[in-house]
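Working notes for the structure below.
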Amino acid sequence: MLDIQLLRTDPNYVIARLNSRNYSFPVDQFNHLETERKKIQTYTQELQAKRNAVSKQIGLAKSKGTDTTAILAEVANLGDELKQSVIQLEQIQSKLQKILLEVPNLPHDSVPHGNGESDNLEIRRWGVIPSFEFEIRDHVSIGEGLKLLDFEAATKLSGSRFSMMKGNLARLHRALAQFMLDTHIQEHGYTETYTPYLVNHDSLYGTGQLPKFEEDLFAVKSGGSANDEEHASGLYLIPTAEVSLTNIVRDEIVAAHALPLKFVAHTPCFRSEAGSYGRDTRGLIRQHQFDKVELVHIVHPETSYAALEALVGHAETILQKLKLAYRVVTLCTGDMGFSAAKTYDIEVWLPAQNTYREISSCSNCESFQARRMQARFRNESGKTTLLHTLNGSGLAVGRTLVAILENYQNADGSVIIPEILRPYMNGLDQLCTAGGQ
RNA sequence: GGAGAGAUGGCCGAGUGGUCGAAGGCGCUCCCCUGCUAAGGGAGUAUAGGCGCAAAACGCUUAUCGAGGGUUCGAAUCCCUCUCUCUCCGCCA
């Protein structure tokens, strides 16, 4: 959520910034509502002040035993008038709130302007793109060939966009998550966190998934509750652990000396992928359920951009240790997510697609989420101040597995296990067909 | 799921219709006293808004005692609904 003060004092600046990300702010509607709000709020508060004053008088009079009928008559209609006014005010404020909740964050100065993916700015590459002297297979073909990846079973259980892994592939998937967690807690100073996978409305409002992106989520209801009762439980499956981790500080005033807070969690993520029909339908790239190791920073506003650089570095470390080629791009204004002021995507090289594909997205949300969450700290002069929040994948586990299968494939369909993961695999150095293990 | 108890400021804890945004204590900040860490005295110490001011300081004002409704001129206090916490029982991993 943007600072409403900024919209009042410098609307043109805000509008221009929002235009750069293809969002047109409803200025006229906003201004109209603001004028109304000011008028009605002032009036309402006057009535309240009057009521308070008169009630105090009555209290005084009664304690002295004076007759109060005259004063009571004076305020006979005040209650109704006030009630009307309060209702009007609430209506206007909820309209304003609705507008504000749907406005995306302002892009940071350093973000390149552009309309979409093609305008993103590559800032560095790492690693060597592997070359193969045989026909490259994609991860689906490799996984199914090894009999370790079973989409048919997943489809039977749940439908499309689900997967089943078996044997050493399932173990490799687990190893990846462990390796990522260990790296972040041992080398990067994160606090390991186990979080709820079901969260309430307020949490999703806090990080910006609601109210605008409800169709991307899975809502759950309690068993046995009436079928037609919408969202019986009021809970949603998390689309990312960013929600659980960032909301740790919702409605909190964090002690300044406790900053920065750095959390890491390995969780499943659930996304309905509404509107992505036909995209990445094959394989593990786009699933309704996938695992991710998520990194979240809660920081002092002055350090958030330094924290963003560190955060990207932490995610890159994982790919470097796995010896997977990647590049880092700065998302342009038109391609950024709703809550982000600046985002770096890390894209890993996928040989079968002959291109880089997103494996991590690291964003500084500045105070955008903090304002929604009322997440604050007490600054140097003792004033409560909004925090800055950042999040990034470190990394998406399923896509990392895809990258390993494709980049480490051999001509015979076997796959080398990256050295760094072998301790997590009881020393195993490759996935091969023999025995299906 | 059944029975009961509870939810007040950073913390503890008073407060069952009126000058209560809230006693008292602890903690914290500043000052004074005291020649050393102790003790004592004084002042201050919630949050979010609105309006005024170019703005800060400040001034005026509103809301907030788990949440939402209601009764009332007036609600922390009375009534209703919900949420959460605790205890006991049941069930479960």
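In what follows, chains carry the letters A, B, and so on, assigned in the order in which the sequence lines appear, proteins first and then strands, with residues in each chain numbered from 1. Note that this is a predicted model, so its numbers are computed, not measured.
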Which one of A:Glu187, A:Glu419, A:Glu316 satisfies the salt bridge (charged side-chain N to carboxylate O under 4.0 Å, His left out) criterion with A:Lys321? A:Glu187
So what does A:Thr384 hit on the nucleic acid, given a heavy-atom distance under 4.0 Å: a base, only sugar-phosphate, or nothing? sugar-phosphate
Over 12 foreign heavy atoms within 6.0 Å of CD, A:Glu152: no
Whole-Å C1' distance, B:C32 and B:U19: 33 Å
What is the distance, to the nearest angstrom, from the CD atom on A:Gln374 to the P atom on B:A48? 7 Å
A:Gln93 CD to B:A48 P: how many Å, rounded? 17 Å
Opposite nucleotide pairing with B:A38, Watson-Crick or G-U, both atom distances under 3.5 Å: none
Side-chain N or O of A:Lys38 closer than 4.0 Å to phosphate OP1/OP2 of B:C51: yes
Between B:G49 atom C1' and A:Tyr43 atom OH, what is the distance in whole Å? 20 Å
Does A:Arg371 reach a base, just sugar-phosphate, or nothing at all? Heavy atoms under 4.0 Å. nothing
Side-chain N or O of A:Arg51 versus OP1/OP2 of B:A63: is the shortest distance under 4.0 Å? yes
A:Lys83 or A:Gly59, whichever maps to the more 5' nucleotide of RNA chain B: A:Gly59
Which nucleotide wins on minimum distance to the side chain of A:Ile253, given the candidates B:U47, B:U19, B:C73? B:U47
If the cut-off is 4.0 Å, is A:Gln5 near the phosphate of B:G50, judged by side-chain N/O to OP1 or OP2? yes
Pick the C1' atom in B:G13 and in B:U8, then give their distance to the nearest Å. 9 Å
For B:U77, what is the paired nucleotide under Watson-Crick or G-U wobble rules, both distances under 3.5 Å? none
With salt bridge (charged side-chain N to carboxylate O under 4.0 Å, His left out) as the criterion, how do A:Glu36 and A:Lys95 come out once you've worked through the C-alpha distance, each side chain's angles and the decisive distance to 0.1 Å? CA-CA 11 Å; A:Glu36 284 290 290; A:Lys95 281 181 193 165; over 6 Å; no
For B:U16, which nucleotide in any strand shown is its Watson-Crick or wobble partner with both distances under 3.5 Å? none
As its Watson-Crick or G-U partner within any shown strand, both distances under 3.5 Å, B:C92 has none
State the pairing partner of B:U87; accept Watson-Crick or G-U wobble contacts with both distances under 3.5 Å, and report none otherwise. B:A3
On RNA chain B, compare the nucleotides closest to A:Glu90 and A:Gln45; which residue's is nearer the 5' end? A:Gln45
What integer number of Å spans the C1' atoms of B:U16 and B:C65? 14 Å
In whole angstroms, how far is the C1' atom of B:C20 from the CD1 atom of A:Ile58? 17 Å
Re B:U72: Watson-Crick or G-U wobble partner, both distances kept under 3.5 Å, found to be none
Does B:G27 pair with anything, Watson-Crick or G-U wobble, both distances under 3.5 Å, and if so, with which nucleotide? B:U45
Nucleotide B:A48, atom C1' - distance to CD1 of A:Ile4 in whole Å: 13 Å
Counting only side-chain heavy atoms from C-beta out, which of B:G18, B:U61, B:U71 sits nearest to A:Ser55? B:G18
For B:A63, does OP1 or OP2 lie under 4.0 Å from any side-chain N or O of A:Asn52? yes
Quote, to the nearest angstrom, the P distance that separates B:U61 from B:G21. 13 Å
Heavy-atom count check: over 12 atoms from other residues, nucleotides or ligands less than 6.0 Å from A:Lys212 NZ? yes
Heavy-atom donor-acceptor pair, A:Gln48 side-chain to B:G50 base, under 3.5 Å: no
Run the salt bridge (charged side-chain N to carboxylate O under 4.0 Å, His left out) check on A:Asp109 and A:Arg17 step by step: do they pass? CA-CA 9 Å; A:Asp109 275 333; A:Arg17 279 307 185 75; 2.4 Å; yes
Taking the inter-plane angle between the rings of A:Tyr190 and A:His188 on a 0 to 90° scale, is it parallel (under 30°), tilted (30 to 60°) or perpendicular (over 60°)? perpendicular
side-chain N/O A:Arg8 vs B:G50 OP1/OP2, d < 4.0 Å: yes
Starting from P on B:C60, measure out to CG on A:Leu47 and report it in whole angstrom. 21 Å
Tell me if a side-chain donor or acceptor on A:His288 pairs with a main-chain N or O of A:Arg271 at a distance below 3.5 Å. yes
Rounding to the closest angstrom, what is the interatomic distance between B:C84 and B:G68 at atom P? 16 Å
Take the protein atom CD of A:Glu46 and the nucleotide atom P of B:C51, then report the distance between them rounded to whole Å. 13 Å
Gap between atoms NZ and C1', on A:Lys50 and B:U62 respectively (whole Å): 17 Å
Does B:C60 pair with anything, Watson-Crick or G-U wobble, both distances under 3.5 Å, and if so, with which nucleotide? B:G50
Within a radius of less than 6.0 Å around CD of A:Gln5, do more than 12 heavy atoms belonging to other residues, nucleotides or ligands occur? yes
Where the side chain of A:Arg37 is defined as all heavy atoms beyond and including C-beta, which of B:U19, B:G50, B:A48 is the nearest nucleotide? B:G50
Nearest-Å distance once atom P is located in both B:A46 and B:G24: 14 Å
Using atom P in both nucleotides, what's the gap between B:A67 and B:G10 to the nearest angstrom? 13 Å
With P as the reference atom in both, quote the distance from B:G74 to B:G70 in angstrom, rounded to an integer. 12 Å
